[in-house]
Amino acid sequence: MPDLSPRRRILVLAICCMSLLIVGLDNTILNVALPTMQRELHTTVSGMQWTIDAYTLVLASLLMLAGSTADRIGRRRVFMAGLTVFTLGSLLCSLAPNLSSLVAFRTIQAVGGSMLNPVAMSIITNTFTDPRERARAIGVWSGVVGISMAAGPIVGGLLVDSVGWRSIFWINLPVGLAALLLTWRYVPESRAPKPRRPDPVGQLLVVALLGSLTYAIIEAPSAGWTSARILFFCAVALAALTGLLVYEPRRREPLIDLRFFRSVPFSGATVIAVSAFAALGGFLFVNTLYLQNVRGLDALHAGLYMVPMAAVTLVVAPLSGRLVASRGPRPSLLIAGVTMAASGLVFAAFRGESSTPLLFTGYVLFGLGFGMVNSPITNTAVSGMPRAQAGVAAAVASTSRQTGQTLGVAVIGAVLAGGLSGAGGYAAAFPDAARPAWWIITGCGLAVLAMGAATSGRRARESARRAAERLETETEVVGAGVS
């Protein structure tokens, strides 16, 4: 990528952030619309899980492929293709006549989305080469998550109450088209000097692993954990995982380069991403259903209730980026772990939903934790890897996020559905049915705290630097062998 002026770099950052904005808005707006969609489409809790997980599952499955493809054929080209497909998928979602069609169109959206965030992060990494500038840029990037969380519930509530749930997908159309035109005009093309070859077998194994595991978790409450169907999909997931562990290390250029995980901070960042985003997915899913189906709020007022959480995330995320730039990832991760665990504890142990002040306390704590956690994950993932593999490294981090959110919605939704099954009175049974879900969210926060303390110290960062140097050397040797 050619050297760009400071103004051009900022413009590239803004264009890349537009892709994160529409993807982030899609999640928060959709959560606010879930109860309305549930009523109009006549579906169950598991049906609502699939409207979210169909999207995050495909994202998680294709992110690494998109990252490596962008490194190979051109990041700008793949980014523009992603914007086109995502915008088309949004249009189709707005026209879906039933739940099955909506889930299918959500997968089209996700195919486009898989080409956006990791590729945009790779563009940012190669645009901002100075470590401090890169950390600040990632802080801004992470702040857009807060913007999407802050705007999503309010915009979604307004649209659902005034126009209908289909309108939540329309907002992606002008933003997607504008980002597409700006990318064509201002973002330079870039490729990795020695990109890796395609790995179709590895890609199929990833799809089989995530798809079968998610299906088993979501459908188990209705089918039974010991049913032949669920046991079959669990066996497929186990076989796919075994295949990845056996097949990938034997490839010269695998889809999942297990050498990345020699870096202790990178491995820790992966676990932290899964834990934090599992907590986020479960938190939004449970709260949306509670506020509208138990408290009886409409979509707009439910969205307004979540503004304190989103506003704190909006304020804290850029501060976390600056903190990572000046002090490293450790303070941000420790604060994130403590506050996310405390938020879950407010609901699990103190029945935070029974009191509006306690409810808002839990929301503020979670917003603080989530705002703190995103920037150190991203910075650790890309800074511990060679720049030539930035697309793949960013894709692994993004895959961890989407996998976590997929599993969070699947597991916590399954726990909630199991608690509500056979219970008399939805509203009366909901608090007790949700209690195990809150304990799971508390455990996710504790995992962030533990892994953050173990992997973000000075010694761990030095280990990351050495691992990146070894990978750089090994990559050069492999490239010479291929050529």
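Interatomic distance, I108 CD1 to L88 CG, rounded to the nearest 0.5 Å: 6.5 Å. Atoms CZ and CZ, from F105 and F169 in turn, are 11.0 Å apart once rounded to the nearest 0.5 Å. Rounding to the nearest 0.5 Å gives a distance of 5.5 Å between CG of L213 and CG of L407. Between T69 atom OG1 and Q203 atom CD the span is 8.5 Å, to the nearest 0.5 Å. Once rounded to the nearest 0.5 Å, the distance linking CE of M18 with CG of L116 reads 11.5 Å. Taking CD from E133 and CZ from R9, the interatomic distance works out to 5.0 Å, rounded to the nearest 0.5 Å.
Using modelled atom types and a 3.5 Å distance limit, the side chains of S90 and Q109 yield a donor-acceptor pair. Counted by atom type alone, T406 and T214 present zero donor-acceptor pairs between their side chains at under 3.5 Å.
Side-chain contact check for V12 versus I124: every heavy-atom pair is 4.5 Å or farther apart. Inter-residue side-chain proximity for L180 and F79 is flagged as unmet; no heavy-atom pair is nearer than 4.5 Å. The closest side-chain heavy-atom distance from L289 to L416 is below 4.5 Å. The closest side-chain heavy-atom distance from V411 to I440 is below 4.5 Å. The shortest side-chain heavy-atom distance between T226 and I230 does not fall under the 4.5 Å cut-off. With a 4.5 Å cut-off on side-chain heavy atoms, I52 and M48 do not count as touching. You'll find the side chain of S320 reaches within 4.5 Å of the side chain of P376, heavy atoms only. Side-chain contact check for R76 versus R191: every heavy-atom pair is 4.5 Å or farther apart.
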*For side chain to side chain contact (heavy atoms under 4.5 Å, CB included), just list the numbers for F86 and M115, CA-CA rounded to whole Å, side-chain angles, deciding distance to a tenth of an Å, and then say yes or no.*
CA-CA 9 Å; F86 185 87; M115 304 179 208; over 6 Å; no
*For the pair W438 and V415, evaluate side chain to side chain contact (heavy atoms under 4.5 Å, CB included) and give the outcome as yes or no after the intermediate values.*
CA-CA 10 Å; W438 292 121; V415 168; over 6 Å; no
_Walk me through whether V271 and S275 qualify under side chain to side chain contact (heavy atoms under 4.5 Å, CB included)._
CA-CA 6 Å; V271 176; S275 301; 4.2 Å; yes
_Evaluation steps, side chain to side chain contact (heavy atoms under 4.5 Å, CB included), between F366 and L280_ = CA-CA 9 Å; F366 193 89; L280 174 68; 3.9 Å; yes
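Contacts classified as side-chain hydrogen bond (donor to acceptor under 3.5 Å, both in side chains) and involving residues 335-345 (residues at least two apart or in different chains) are not found. Sorted by first and then second residue, the side-chain hydrogen bond (donor to acceptor under 3.5 Å, both in side chains) pairs with a member in residues 91-104 read S94-W170, N98-S101; sequence neighbours excluded.
Between D199 and R251 there is a salt bridge, since a side-chain N of the basic residue sits under 4.0 Å from a carboxylate O of the acidic one.
Between A336 and V373, the closest heavy-atom pair is CB-CB, 3.8 Å. Nearest heavy atoms, A66 versus V78: O-CG1, 4.3 Å. Nearest heavy atoms, A60 versus T399: O-CG2, 3.3 Å. Among all heavy-atom pairs drawn from I15 and A179, the shortest one is CG2-O, 4.2 Å. Residues P329 and V324 come closest through the heavy atom pair CA-CG2, 4.2 Å. Closest approach of A240 to L205, counting heavy atoms only: CB-O, 3.5 Å.
Looking only at distances, a side-chain donor or acceptor of T84 sits under 3.5 Å from a matching main-chain atom of M80. A donor-acceptor pair under 3.5 Å is absent between the side-chain atoms of R401 and the main chain of I377, judged by distance alone. Proximity of a side-chain donor or acceptor of R106 to a complementary backbone N or O of A54 within less than 3.5 Å is not detected. In terms of modelled atom types and a separation under 3.5 Å, the side chain of Q49 and the main chain of A410 share a donor-acceptor contact.
F370 and F277 have perpendicular rings, their planes meeting at more than 60° on a 0 to 90° scale where under 30° would count as parallel.
Within a 6.0 Å sphere centred on CH2 of W184, other residues, nucleotides and ligands contribute 12 heavy atoms or fewer.
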